[in-house]
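Worksheet: the structure to be examined is printed underneath.
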Amino acid sequence: MVSARTASFSVKSTRPTTLSSLPVEVLEHIAFYYVCPRVLGPPIPLVTLLLLSKAISYKLSVARHLYARVFKHKFSFSAIRRRGFEPRAGEWAWQLRRWCEVLKGVRSRRRRPVSQAYVDDVDAEEAGVQETMYALWIMCLEDDGCNRAQMQLVGAYEWVEGYIRTEMYKNLDKGWPLGNAGNSCAMWVFWYLSSKARLMDETPEQRESLINLIIPFLTVPFRYPSSFAPANHFRLPLQSSAQSSLSTPFSIPTPHGPFPIYLHPSRHTWVIPHFDRWTPLCTPLAADAAKLVYFSRRETMLFNVPDFLPRNREEHRARVRARLATENNGEVDEFHLETVFRSELPRPTQEDFEELNAGLLGGDMVSSSSRCWDADWWRLRLCRSAWVSQSESDIEDGAVYTPGSLNGLWTGRMIVGFLPFHELISHMQLSSFASDTFRDPPPDEASRHDGSIGANVNRDDAFDQGIQDAWFPPNTTLNNDDDAESSLGFGMGSEAEARNKRKPGTFHDRETCTGCIAREKALVAARAQARGMNVENENPVGDPLSSNGEGESLQEDETINDLPPYVPSAQTLPPCNGIRDVLITGNTDPRHAAAWGNWVWKGRVRKWDGMVGLVRSANNGVSINLFLSSWTLLLTTFLSFVII
């Protein structure tokens, strides 16, 4: 028989474990796996968790790692840490909410009935459309794969295509479409999300109607600039005072506005909220986006292979031999044969055209790594004004050009002139090199401008800084040795003499290097900004998806008015590589020279924005000047070599 005391001693009541009683760290793990059952789609289950109870909502609001984990699971994240800073918990949460809102807006706009206006209220919503377009382009620039997948899920490609086809010409300036952020970013995003399958699915009618819509941006440089500063300037930023209007001492009035076009900072800058910080960016260039859209569509069209051409080079030689044999009663002198054969070059064969057609749409359309877009991001950040200023950009430092990005064999089309287009074939092999032995240009380089310099214009801002010779200073010689070493001589003798005069250890003098000095100034400014922002102070993040959650949520007025500036951290400023100048050399390889002509190329990279100036010279000494916006040049690596 069991005593009552024993029975009462063995019975013990325990309280059940609930979500609200779990430690925050454990609750974070549970919440993450509940909220993120898959990569695609918004973290909608998070709202359900936050509504369970005040206790759970508060614990998730102060969770330090949950929202960063959710963001990194759903979206690409390496770019912000490489280009800017390591976001705090609240900044991860803010950007998670931001991207979700952007994608939700795309989905809702795309689902409108066909009969309903694309923009319900122009006054109230047009700015929202432009901001959404720019946000989508930033998602492209930061894409490592996840951003593209999320945009595909909500139908961003279809929505942007609809905008280009139906809305881009709703607002006009003297009959011309606007080169604003909405239209520009629409074309950028449309090209970025294009794929080979989508290009091949377009009917010829769809393709031509699209080309007709974007052709003005491509062919009218006096309205739509292809660079953030005119190509006649090599030394930027300009030292003269910034102009208060669109007109400058260098421009002439035209019915379309001053030309050359100097983009005014106040009209060319967008201040975008990004990771809970104000982020000033340039308006992307509509002309460059149009070029990419145009050429991606044109590359779906094969060249006709003329049947009257010889099949290959051997047949070409055989035809010459047969013709000479007929003219000389069957006798053919081999030296005469070679002379006549070479006199008929360049001349393409059927195999040359077939090779060209086989290379159309070759390779990947777009790189899947955000690292390939770092220079483009920095160009948007740093090229907001062609004039010297004491703005936020003065404390930043980033690479707007990647040395070596032009190395290799390039093939593609070159457009000469305006409508009707004459599409030429161009093959060339380029190599780029850099050396800090290249001295600063001599003082007389500033005197190239034949006209008068205004009283308010700094002499270093001369209008013509060598545009006809790819910005090479006067009396410059460029020598390429067999070992690929090259020299740029400013009256300093041969490369051997320069090498002998170079002292050991002075190849990259960090004490006198202008790049190292600029980076040190940027480091000092970034550290001061970090101390002022007190980045170590972590605050509760609230609900990133709703402003009605418990805890300290992100209110609308905080989003719009109270954001700190976007200042990269000291850890993300790249080290100085010691490069003082980047030159480009190239030539047509012998096999393609026989088909398309033997050309020699030389060029120089403008340090301010990475723009490439090229001069193409034929054997007869005739030169053609070509200036490539870095956007077009670097992005078309994945399509074809494009020169406009």
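Under the 6.0 Å cut-off for aromatic ring centres, Tyr192 and Trp373 qualify, their centroids lying closer than that.
Once rounded to the nearest 0.5 Å, the distance linking CD1 of Ile138 with CE of Met133 reads 14.0 Å. How far CG of Leu136 is from CG of Leu141: 11.0 Å, rounded to the nearest 0.5 Å. To the nearest 0.5 angstrom, Phe341 atom CZ is 11.0 Å from Arg323 atom CZ.
Ring geometry for His256 against Phe222 counts as tilted: the plane angle lies between 30° and 60°, on a 0 to 90° scale. Below 30°, between 30° and 60°, or above 60°: for Tyr163 and Trp159 the angle between ring planes is between 30° and 60°, a tilted geometry. Ring orientation note: the planes of Phe217 and Tyr224 are tilted relative to one another, at an angle of 30° to 60°. The aromatic rings of Phe228 and His268 are tilted relative to each other, their planes meeting at an angle between 30° and 60°.
A 6.0 Å sphere centred on CZ of Arg165 holds more than 12 heavy atoms belonging to other residues, nucleotides or ligands. Shown here is Glu331, whose CD atom has no more than 12 heavy atoms of other residues, nucleotides or ligands within 6.0 Å. Shown here is Asp201, whose CG atom has more than 12 heavy atoms of other residues, nucleotides or ligands within 6.0 Å.
A salt bridge links Glu354 with Arg311; the closest basic N to acidic carboxylate O contact falls under 4.0 Å. Salt-bridge annotation for Arg317 and Glu344: absent, with no side-chain N of the basic residue lying under 4.0 Å from a carboxylate O of the acidic one. Ion pairing between a basic and an acidic side chain is recognised when a charged N comes within 4.0 Å of a carboxylate O; Glu334 and Arg321 show such pairing. For the pair Glu142 and Arg82, the salt-bridge criterion is not met [side-chain N within less than 4.0 Å of a carboxylate O]. Between Arg313 and Glu351, none of the side-chain N atoms (NZ, or NE/NH1/NH2) sits under 4.0 Å from a carboxylate O, so this pair counts as no salt bridge. Between Arg342 and Glu338 a salt bridge is recorded (basic side-chain N to carboxylate O distance below 4.0 Å). A salt bridge is absent between Lys196 and Glu202: the closest approach of a Lys/Arg side-chain nitrogen to an acidic carboxylate oxygen does not fall below 4.0 angstrom. A salt bridge does not link Lys607 with Asp581: every distance from a Lys NZ or Arg NE/NH1/NH2 to an Asp or Glu carboxylate oxygen is 4.0 Å or more. For the pair Arg223 and Asp173, the salt-bridge criterion is met [side-chain N within less than 4.0 Å of a carboxylate O]. Between Glu355 and Arg591 there is a salt bridge, since at least one side-chain N of the basic residue sits less than 4.0 Å from a carboxylate O of the acidic one.
Not a single donor-acceptor pair under 3.5 Å links the side chain of Asp352 to the backbone N or O of Ala595. A donor-acceptor contact shorter than 3.5 Å links the side chain of Ser184 to the backbone of Pro284. Counting only distance, with no hydrogens or angles, the side chain of Gln465 and the backbone of Phe234 share a donor-acceptor pair below 3.5 Å.
For the pair Leu382/Trp608, no side-chain contact is recorded, criterion being any heavy-atom separation below 4.5 Å from C-beta on. In this structure, Thr300 and Leu360 have side chains that are not in contact, with every pair of non-hydrogen atoms separated by 4.5 Å or more. Under the 4.5 Å side-chain criterion, counting only non-hydrogen atoms from C-beta, Val305 is in contact with Asn357. Side-chain contact check for Tyr169 versus Leu213: some heavy-atom pair is nearer than 4.5 Å.
Between Thr588 and Asn598, the side chains place no donor N or O within less than 3.5 Å of an acceptor N or O (distance only, hydrogens not considered). Using a 3.5 Å distance cut-off with no hydrogens or angles, the side chains of Ser296 and Ser194 do not pair a donor with an acceptor. Counting only N and O atoms by type, the side chains of Asp609 and Tyr401 include no donor and acceptor under 3.5 Å apart. Under the 3.5 Å distance criterion, with hydrogens and angles disregarded, no donor-acceptor pair is assigned to the side chains of Thr349 and Asn312. Residues Ser226 and Lys291 have side chains that bring a donor and an acceptor to within less than 3.5 angstrom of each other.
Both tests hold for Arg616 against Trp599: distance to the six-membered ring centre under 6.0 Å, angle to the ring axis within 45°.
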Point to revise | Full working for side chain to side chain donor-acceptor pair (under 3.5 Å) between Asp143 and Ser370 | key: CA-CA 5 Å; Asp143 179 44; Ser370 64; over 6 Å; no
